[in-house]
Enquirer: 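Following this message is one structure expressed as structure tokens.
Because the structure is predicted, anything quoted here is derived from the model rather than measured.
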Amino acid sequence: MLLSKEIAVSLNLASCKLKQYTGMMLRQGNVGLTPEQFLLIDILWNQGPMSQQRIADTMMKDKNSITKLVDSLERNGFVVRQKDTRDRRSNTIVLTEKSDTMKLGAKEAGISMLGDILEGISEEELRSFLDTLGKMTANIDKLAGRKA
């Protein structure tokens, strides 16, 4: 197999396995969220309230997918929609107390899970991998006509 094809296949498989493993760990921890729901909440924990469009851009998903994620999170009491005071056509997604309550435990579990996944890989290897991924992402953005 060509090295470039092997890299593409390996990246895709690793991504799928990470998502499956994360889902399994969320179920075992009785968190009650899918990996995508958890990612959306984590983005809001880190960046604060934001519009659905900004969430879609950050997660690289279409707005309809984000609407469905927000709908399910809202039904389960993790987020609320607030009308944007500057643009009444837009909603700002805000975390609820329920989301804030699970933040510390969820973040600790996530760090532990990633520690287990990265076991046996040196910091130098991780930095090199991260640098390579950054270059690949910049190349993709350039090819797609986006800013890197």
Side-chain angles (χ1 to χ4, degrees), residues 1-81 90-148:
M1 184 180 317
L2 288 172
L3 182 58
S4 57
K5 183 177 179 183
E6 190 173 345
I7 289 168
V9 169
S10 293
L11 279 172
N12 189 46
L13 289 175
S15 175
C16 290
K17 286 181 183 230
L18 177 62
K19 189 173 180 179
Q20 287 175 341
Y21 181 68
T22 303
M24 181 183 78
M25 296 306 289
L26 289 169
R27 283 188 300 280
Q28 285 181 359
N30 294 316
V31 175
L33 297 171
T34 67
E36 285 184 324
Q37 290 170 331
F38 184 79
L39 177 59
L40 191 154
I41 288 175
D42 191 53
I43 288 168
L44 295 175
W45 280 332
N46 293 324
Q47 297 183 31
M50 62 177 66
S51 70
Q52 285 183 222
Q53 185 59 58
R54 187 162 162 226
I55 292 169
D57 294 343
T58 302
M59 292 181 70
M60 292 185 260
K61 298 218 167 261
D62 63 87
K63 198 169 177 186
N64 289 336
S65 297
I66 298 304
T67 297
K68 290 176 185 175
L69 278 174
V70 171
D71 286 347
S72 64
L73 288 170
E74 191 172 39
R75 270 192 309 274
N76 290 304
F78 290 104
V79 300
V80 293
R81 287 178 169 95
S90 181
N91 290 314
T92 300
I93 308 307
V94 180
L95 294 172
T96 63
E97 191 175 314
K98 183 175 182 179
S99 295
D100 289 337
T101 301
M102 72 175 199
K103 181 177 183 177
L104 182 61
K107 285 206 173 247
E108 286 176 355
I111 290 168
S112 175
M113 182 186 80
L114 287 173
D116 293 343
I117 291 169
L118 299 175
E119 185 178 340
I121 304 171
S122 72
E123 185 173 336
E124 182 181 339
E125 289 173 305
L126 291 172
R127 290 192 186 282
S128 176
F129 178 68
L130 193 57
D131 184 53
T132 301
L133 280 177
K135 289 176 182 176
M136 291 172 69
T137 300
N139 287 342
I140 292 167
D141 286 344
K142 188 169 42 175
L143 292 167
R146 296 187 201 120
K147 292 181 182 178

Enquirer: Let me confirm one number: the OG-NZ distance from Ser51 to Lys63, rounded to the nearest 0.5 Å.
Expert: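 Taking OG in Ser51 and NZ in Lys63, the distance rounds to 7.0 Å.
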
Enquirer: In this structure, are over 12 heavy atoms from other groups packed under 6.0 Å from Lys98 atom NZ?
Expert: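 For Lys98, atom NZ is crowded (more than 12 foreign heavy atoms under 6.0 Å).
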
Enquirer: Treating Asn76 as the side-chain partner and Phe78 as the backbone partner, does any N or O pair qualify as donor plus acceptor under 3.5 Å?
Expert: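 Here the side-chain-to-backbone pair does not exist.
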
Enquirer: For Val79 versus Val70, what's the shortest heavy-atom pair and its separation?
Expert: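 Of all heavy-atom pairs spanning Val79 and Val70, the closest is CG2-O, 3.9 Å.
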
Enquirer: Tell me whether the count of non-hydrogen atoms from other residues, nucleotides or ligands lying under 6.0 Å of CZ in Phe129 goes above 12.
Expert: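 Result for CZ/Phe129: open.
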
Enquirer: Please give me the minimum heavy-atom distance between Glu125 and Ser122, naming the atom from each residue.
Expert: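 Glu125 and Ser122 have their closest heavy atoms at OE1-N, 2.8 Å.
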
Enquirer: Using every non-hydrogen atom in the two residues, find where Gln37 and Gly32 come nearest and quote the distance to one decimal.
Expert: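 Heavy atoms only, the tightest pair is OE1-O, 4.2 Å.
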
Enquirer: Atom CG of Leu69 and atom CE of Met59: how far apart are they, to the nearest 0.5 Å?
Expert: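 Rounded to the nearest 0.5 Å, the CG-CE separation comes to 5.5 Å.
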
Enquirer: Please find the pair of heavy atoms, one from Trp45 and one from Ser99, that lie closest to each other, and give the distance.
Expert: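 Closest pair (atom of Trp45, atom of Ser99, distance): CZ2-O, 3.3 Å.
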
Enquirer: State the OG1-CD1 distance between Thr96 and Ile41, to the nearest 0.5 angstrom.
Expert: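 It is 7.5 Å, given to the nearest 0.5 Å.
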
Enquirer: Using 0.5 Å steps for rounding, measure from the CG atom of Leu40 to the CD1 atom of Ile93.
Expert: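 These two atoms lie 8.0 Å from each other.
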
Enquirer: Counting only heavy atoms from other residues, nucleotides and ligands, does the tally under 6.0 Å from CD of Glu124 exceed 12?
Expert: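 No, the 6.0 Å shell around CD holds no more than 12 heavy atoms from other groups.
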
Enquirer: Any non-hydrogen side-chain atom of Met50 less than 4.5 Å from a side-chain atom of Ile43?
Expert: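 Result yes, sub-4.5 Å side-chain heavy-atom pair found.
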
Enquirer: Given the rule in the salt bridge (Lys or Arg N to Asp or Glu O under 4.0 Å) test, do Asp71 and Arg81 qualify, once you have shown the distances and angles that lead to the verdict?
Expert: CA-CA 9 Å; Asp71 286 347; Arg81 287 178 169 95; 2.6 Å; yes

Enquirer: How many angstroms lie between OG1 in Thr58 and CE in Met60, if you round to the nearest 0.5 Å?
Expert: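 That separation rounds to 9.0 Å.
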
Enquirer: Is a donor from one side chain sitting under 3.5 angstrom from an acceptor on the other, for Gln53 and Ser90?
Expert: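 Per modelled atom types, Gln53 and Ser90 side chains form no pair under 3.5 Å.
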
Enquirer: What residues, two or more places apart in sequence or in another chain, satisfy salt bridge (Lys or Arg N to Asp or Glu O under 4.0 Å) together with Lys135?
Expert: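 With neighbours one apart ignored, the set is Asp131.
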
Enquirer: Nearest heavy-atom pair of Leu33 and Leu26: which atoms, and what distance?
Expert: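 Heavy-atom minimum between the residues: O-CD1, 3.4 Å.
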
Enquirer: Measuring from Tyr21:OH to Met113:CE, what's the distance to the nearest 0.5 Å?
Expert: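 Rounded to the nearest 0.5 Å, the OH-CE separation comes out at 6.5 Å.
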
Enquirer: Any donor and acceptor pair, going by atom type alone, linking the side chain of Ser112 with main-chain N or O of Glu108 inside 3.5 Å?
Expert: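 Flag not set: sc Ser112 to bb Glu108 has no pair under 3.5 Å.
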
Enquirer: When you measure from the side chain of Asn46 to the backbone N and O of Asp42, does any donor-acceptor pair fall under 3.5 Å?
Expert: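 Indeed, once roles are kept as given, a pair shorter than 3.5 Å links the two residues.
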
Enquirer: Just by distance, do the side chain of Arg27 and the backbone of Gly23 share a donor-acceptor pair under 3.5 Å?
Expert: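 Answer holds: yes.
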
Enquirer: Of all heavy-atom pairs between Pro35 and Lys19, which one has the smallest distance, and what is that distance?
Expert: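 Looks like CG-O, 3.5 Å.
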
